[in-house]
Amino acid sequence: MSRPYSEVVRPGIAAMKLYSSNREPCAIDLSDNTNQRGAPPSARTLVPEANIELFARYPNHYAADLKRAISAHLGVGTDEIVTGCGSDDVLDSAIRAFAQPGGAIAYPDPTFVMIPYCGQVNDLALRPVPLLGPERGWDVDADALLAQRACITYVCSPNNPTGTRASAEAIERIVAEAEGVVLLDEAYIEYCGGSFVRRAKDAGRLLVIRTFSKAFGLAGARVGYAIGAPELVAAVEVSRGPYKVTQLAERVTVSALENDAAWVEGGIREVLDARARFMPFLERLGLKPIPSDANFVLVPVKDAAAQTKALRERGVAVRPFPKLPGFGDAVRISVGPWEIMERALPSFEEVLSCV
Ligand SMILES: *Cc1c(COP(=O)(O)O)cnc(C)c1O
């Protein structure tokens with residue numbers, strides 16, 4: 001007789017719920033920080049013409065063409081790059097690679113929800129560390145993170161869902177003093193600059209994680225990568241396994257890197273312009289949006305669930321964050337071109353209010 005589910009599945013995984021978020025279609029969807037303008041121009045021409053061979057054959061094992069294109073884009077060696085099926089996959093593979101038995105993962109709280117998720121999947125003890133307060137610009141607490149002596153320390157900058165950045169000093173200290181591996185998630189770095197990618201190799205224990213899902217507009221292609229010292233990157237690649245980036249995804253991503261730099265830059269400028277107009281709009285409503293370095297804004301509100309529901313009834317989707325540590329109830333609003341934001345303003349004006 002086969003063993004019951006509870007005995008074959010690791011207890012940590014059996015105790016978990018499937019990750020979910022509201023994916024109901026919605027007229028103005030500002031709920032997930034993807035590029036509001038959609039896929040870049042060359043992807044639109046590539047996809048319908050895609051050769052059937054792209055689907056009939058396996059891709060190359062570890063996306064060598066993509067590594068060459070990333071290498072040219074960032075000026076790092078191809079042996080310093082590991083790719084994956086979205087940066088979620090790269091993070092998961094890295095955590096799997098470095099999760100010592102009985103170990104812990106330390107991370108700022110609040111941060112990217114996939115981190116406690118992947119930590120739990122890998123049986124790590126979760127060590128959330130509160131962000132420093134508004135008077136410190138919501139910086140990460142380097143002392144408290146280091147004090148966890150975790151085998152993995154994760155920092156997200158700009159941070160999801162707060163939009164705030166970790167200071168360079170805090171990151172430097174964590175990288176210099178952490179006992180284990182440091183994962184620095186730069187999913188939104190294109191919106192503010194100050195990347196650590198060129199520092200990763202010499203830092204030795206630092207992996208900088210990047211994605212094509214946000215500024216590059218390719219969330220559906222599922223392509224992310226990490227930059228680090230070759231030995232570190234090799235361990236993540238073993239953990240990851242082959243064939244994680246599809247042929248079509250690899251072609252589309254290489255094409256975007258080679259042809260769409262101006263489109264990406266234009267989109268970033270559009271987001272920064274729209275955010276600069278959106279913040280004072282929110283403040284005029286009496287709200288206190290958290291200053292953001294990313295393509296979204298966290299807005300503390302009276303009742304995140306109720307206001308998210310009311311916005312959806314008006315055709316506007318945002319992401320609710322009830323009882324967010326340090327912030328209370330809040331909603332996260334993605335920022336796209338002003339023409340799109342403008343259409344949502346009357347609904348925000350009707351619905352949003354803070355305590
Ligand atoms: C959106 C996001 C990612 C990107 O995930 P993909 O799997 O590459 O789509 C990674 N980290 C953070 C913090 C994010 O917000």
Side-chain angles (χ1 to χ4, degrees), residues 19-21 23 29-36 38-40 43 63 66 70 81-96 105 107-119 121 128 131 138 140 152-166 171 182-192 195-197 207-227 236 240 244-246 249-250 252-253 256-257 264 267-268 271 290 292-298 317-319 321 324 330-336:
Y19 172 81
S20 73
S21 64
R23 300 295 309 277
D29 194 342
L30 306 178
S31 69
D32 65 5
N33 301 350
T34 50
N35 195 310
Q36 296 285 327
L66 176 57
I70 294 169
I81 303 166
V82 53
T83 65
C85 179
S87 53
D88 283 1
D89 180 42
V90 179
L91 284 164
D92 181 46
S93 302
I95 292 172
R96 192 162 54 242
I105 181 165
Y107 52 90
D109 187 27
T111 196
F112 189 35
V113 292
M114 291 310 291
I115 295 311
Y117 182 100
C118 292
V121 162
L131 289 173
W138 301 105
V140 297
I152 303 172
T153 304
Y154 171 89
V155 173
C156 184
S157 183
N159 186 41
N160 182 1
T162 59
T164 55
R165 266 211 277 182
I171 297 171
V182 178
L183 307 181
L184 178 61
D185 190 335
E186 293 190 342
Y188 300 99
I189 199 74
E190 288 91 346
Y191 297 100
C192 60
S195 172
F196 271 69
V197 281
L207 269 183
V208 179
I209 290 109
R210 307 273 297 254
T211 181
F212 290 99
S213 294
K214 306 289 161 54
F216 277 83
L218 289 170
R222 309 303 304 127
V223 185
Y225 60 98
I227 307 292
V236 177
R240 188 207 84 150
K244 288 297 181 76
V245 177
T246 68
E250 183 169 19
V252 167
T253 308
L257 280 168
V264 171
I268 293 166
V271 162
I290 308 304
S292 170
D293 279 308
N295 67 336
F296 58 88
V297 181
L298 186 74
V318 300
R319 183 71 177 258
F321 287 89
L324 202 58
V331 293
R332 191 193 65 194
I333 305 173
S334 302
V335 176

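Order of listing sets the numbers, starting from 1, for every ligand and every atom in it. Keep in mind the model is a prediction, meaning the values are calculated, not measured. As a basis for the values below, the full set of heavy atoms in this structure was taken, side chains included, without hydrogen atoms, waters or symmetry mates.
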Open item on the list: Checking the side chain of Ser157 only, and the main-chain atoms of Ala166 only, is there a donor and an acceptor separated by less than 3.5 Å?
Closed with: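 Confirmed, Ser157 side chain pairs with Ala166 backbone.
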Task: Backbone N/O of Asn33 and side chain of Asn295: donor-acceptor pair under 3.5 Å - done: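 Yes, Asn295 side chain to Asn33 backbone: donor-acceptor pair under 3.5 Å.
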Open item on the list: Could you work out, with side chain to side chain contact (heavy atoms under 4.5 Å, CB included) as the rule, every residue matching Thr83, not counting sequence neighbours?
Closed with: Ala63, Leu66, Lys67, Ile70, Ile81, Tyr225, Arg240, Val245
Task: By side-chain hydrogen bond (donor to acceptor under 3.5 Å, both in side chains) - contacts of Thr211 (at least two apart) - done: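 side-chain hydrogen bond (donor to acceptor under 3.5 Å, both in side chains) list for Thr211, sorted by chain: Ser213.
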Open item on the list: Run the side-chain hydrogen bond (donor to acceptor under 3.5 Å, both in side chains) test against Asp109 and tell me which residues pass, sequence neighbours left out.
Closed with: none
Open item on the list: What does the 4.0 Å heavy-atom contact list look like for ligand 1?
Closed with: Gly86, Ser87, Asp88, Phe112, Tyr154, Cys156, Asn160, Asp185, Ala187, Tyr188, Thr211, Ser213, Lys214, Arg222
TODO: From the options Phe216, Phe296, Phe112, select the one residue that forms a ring pair (Phe, Tyr, Trp, His ring centres under 6.0 Å) with Tyr188.
DONE: Phe296
